[in-house]
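Only one structure is covered here, and it is reproduced in the block below.
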Amino acid sequence: MTSIPATTHAGPDSERQYGWAVFAAGAILSSAVLVFASDDIGQKVAAMFILSFATAAAVRFDIAHPFVWFAGAFTLYSVSGPLLFHLGVHPYDTWGGYRMSEIDFSGAMDYQFFALIIALAVIGPRQVSFLNVRNNPMADAVYQGALPILIVAGVIGVANIFLIVSQDFTSKGDVVLSGDWTTRLSFAFNIAATALGVYLSRLFSEGHPVTAYSILLIVIAVGIIMVLVIGQRHFLFRAGLISLLVFHIFHRRISIRSLLVMAGFALVLSSVLGSYKMALVLQDAAPVDTGSLWEQTVQVIALKNPEFLNNSPFMQYLKVGLVAALGSEAMTPGNNMAMLLSRVPQDLSYFYGTTVPGDLLRSVLPGFIVQPFVETTGAVYNRLVFPDTVATGGGVGFTIVGYGYLHFGEMGVLMIMLVIGGTLRMIYNWAGRTPTGLMFYIGFFPVAVYVARNDITGPLSQGLKHVLIPLVAMHVVTYLLGNRYASQQRR
């Protein structure tokens, strides 16, 4: 990390031409690699990484630009399942009742690759400046209301934890199947994460980094406790992503190298924390033996692919590490897209938009109220393809590319990626114009990072209810408090 302020500057026409030229060259080169790959999944994975690298280079590796973080996250979610299958170390034998060799990973890579190009072409490489926005006195209108909203959301979230623990649930599935409305208030932590981003922005902009670091330590502790008590990792990573972007924009610039190291650490950490879900409330929970986990993983891989044992020790470590990092949530979009290509429309008909009204309804109404009555596209997919998993209160996520395909085939993929790209372009440009736009961009950042494994309900619902409405509430609180403190601080 360097001490250079994290600002992105809108360059002259020549700079924009550079961005478009690099992006176009990367798109053409990677497309050629993909086309000549035939059915070689490894080469198609390489093509997508080439595209992602060229896209980041088009904006000079500015991690605040969607060309870096959106392209990187989308690529990671897209290639994980196909890559593990290609290397012969995929942790599952079957997916939705089909053997892994029977689902179309090669076709999934094709669709996901061109879907990413569509979205990136709409977003464009233009860079905006956050310098004037972050120093804008109008930021006071949202800053002063952040701490009250953070406290209220935090209290509701902590109460939710106690309510879940008091009912003696032993798994997240039990909470989904048997919990009442009082156990479905975890959305408060999403609101708390948004408020945290605004409050940290205020602290850094006013020159109080020590206070900001102290709050981050508290947030990390709460996030770890959530994993150990209710098995929820989402808040820890959501707050972490928001804090990362705030740090980059308001305090110190984070290099692409540092970002890649942190991303790798986060992937491994996610896998490790998965072994400690609800460890403090399960009486028979035993300490996790990392050596035993290693041996078990090696044995599972060797049973499926005996040639694994012929690899060098380095390659064995590398492949097991990839399983640990990618063999959980990261692989589900690629798996699901491959499954859809194998089953739609052969034995699973196109939806033709029939579940879209439910998606929109769930996006605007409180989920804990309408969940029992309205199914989203992702929920219907899980119920039809993974009924046994759903029966235990679980699910396997979804895929935003598959969302478009399941509704309208290739045209659906085109439409959904145009919408995703246009939305991110609009939000990014808004962030460069107003403080509220910048705070929305920061709060929506983790939602957009995860968009590859969702249907449209997730980003719409969380963008509205967990980011925009809390920001409006902060404006209201600031107005009621008279905007006194912040104005005095900036004089």
Side-chain angles (χ1 to χ4, degrees), residues 128-160 185-209 211-212 214-216 218-219 235 238-239 242-243 245-247 249-251 363-369 423 426-448 459-491:
V128 303
S129 173
F130 299 138
L131 179 61
N132 293 332
V133 177
R134 72 181 193 182
N135 295 327
N136 191 331
M138 293 298 294
D140 297 343
V142 66
Y143 280 168
Q144 192 175 356
L147 184 57
I149 297 298
L150 175 59
I151 292 173
V152 171
V155 169
I156 295 175
V158 171
N160 176 246
L185 302 177
S186 60
F187 65 86
F189 283 107
N190 291 343
I191 296 174
T194 298
L196 172 69
V198 178
Y199 191 57
L200 290 178
S201 299
R202 172 182 174 176
L203 290 174
F204 281 127
S205 66
E206 294 178 354
H208 304 297
T211 305
S214 301
I215 291 175
L216 280 175
I218 295 173
V219 168
F235 171 72
R238 187 183 187 117
I242 287 175
S243 301
L245 193 56
V246 169
F247 186 93
I249 294 175
F250 285 87
H251 191 48
S363 298
V364 299
L365 296 178
F368 66 93
I369 294 177
T423 301
M426 178 185 67
I427 294 172
Y428 178 64
N429 289 334
W430 185 27
R433 291 196 298 266
T434 70
T436 300
L438 179 56
M439 294 302 105
F440 184 89
Y441 184 66
I442 291 171
F444 192 73
F445 171 53
V447 181
L460 279 177
S461 176
Q462 294 186 43
L464 173 65
K465 294 180 287 190
H466 301 166
V467 183
L468 183 59
I469 291 179
L471 288 174
V472 172
M474 292 176 210
H475 277 277
V476 172
V477 170
T478 299
Y479 175 79
L480 294 176
L481 294 177
N483 200 14
R484 295 185 299 270
Y485 173 77
S487 297
Q488 292 172 2
Q489 286 290 103
R490 292 184 180 274
R491 285 180 184 145

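Keep in mind the model is a prediction, meaning the values are calculated, not measured.
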Next item on the list: State the CD1-CG distance between Ile249 and Leu438, to the nearest 0.5 angstrom.
Entry: 5.0 Å
Checklist line | Distance in Å, Arg202 CZ paired with His208 NE2, rounded so as to fall on 0.5 Å steps | finding: 8.0 Å
Item checked: Ala146 to Ala195 - nearest heavy-atom pair and separation -> O-CB, 3.7 Å
Under 3.5 Å, which donor-acceptor pairs link side chains of residues 187-194 to any protein atom two or more places apart or in another chain?
| unit_1 | atom_1 | unit_2 | atom_2 | d |
| --- | --- | --- | --- | --- |
| Asn190 | OD1 | Arg238 | NH1 | 3.4 |
| Asn190 | ND2 | His466 | ND1 | 3.1 |
| Thr194 | OG1 | Asn190 | O | 3.3 |
| Thr194 | OG1 | His466 | O | 2.7 |

Notebook entry, point to check: Could you state the interatomic distance from NE2 (His251) to OG (Ser205), rounded to the nearest 0.5 Å?
Noted result: 12.0 Å
Check: Are side-chain heavy atoms of Ile149 and Tyr199 found at a separation under 4.5 Å?
Finding: no
Notebook entry, point to check: Distance from Phe130 atom CZ to Asn136 atom CG, nearest 0.5 Å?
Noted result: 14.0 Å
Item checked: Leu196 CG to Ser243 OG distance, which is reported to the nearest 0.5 Å -> 4.5 Å
Notebook entry, point to check: Residues two or more places apart in sequence or in another chain: which of them pass side-chain contact (heavy atoms from CB on, under 4.5 Å) with Ile427?
Noted result: Thr423, Phe440, Tyr441, Phe444
Notebook entry, point to check: Are Thr436 and His475 side-chain neighbours, meaning at least one heavy-atom pair lies under 4.5 Å?
Noted result: yes
Next item on the list: Identify, with sequence neighbours excluded, every residue that meets side-chain contact (heavy atoms from CB on, under 4.5 Å) alongside Asn429.
Entry: Arg126, Val128, Arg425, Arg433
Checklist line | Minimum heavy-atom distance between Pro459 and Val447, given as atom pair plus value | finding: CA-CG1, 3.5 Å
Check: Between Val476 and Leu480, is any pair of side-chain heavy atoms under 4.5 Å apart?
Finding: yes
Note to self: For a quick test of reading the model, state the closest non-hydrogen atom pair linking Met439 to Phe250 and the distance between them.
What the structure shows: CE-CZ, 3.7 Å
Next item on the list: Determine the minimum heavy-atom distance between Arg134 and Leu131, stating which atoms define it.
Entry: CG-O, 3.4 Å
Check: Is any side-chain heavy atom of Val198 less than 4.5 Å from a side-chain heavy atom of Leu150?
Finding: no
Notebook entry, point to check: What are the two closest heavy atoms between Ile242 and Gly197, and how far apart are they?
Noted result: CG2-CA, 3.4 Å
Next item on the list: Might you point out which heavy atoms bring Gly145 and Val477 nearest each other, and give the distance in Å?
Entry: CA-CG1, 3.8 Å
Next item on the list: With rounding to the nearest 0.5 Å, note down the distance linking CZ in Phe445 to OH in Tyr428.
Entry: 12.5 Å
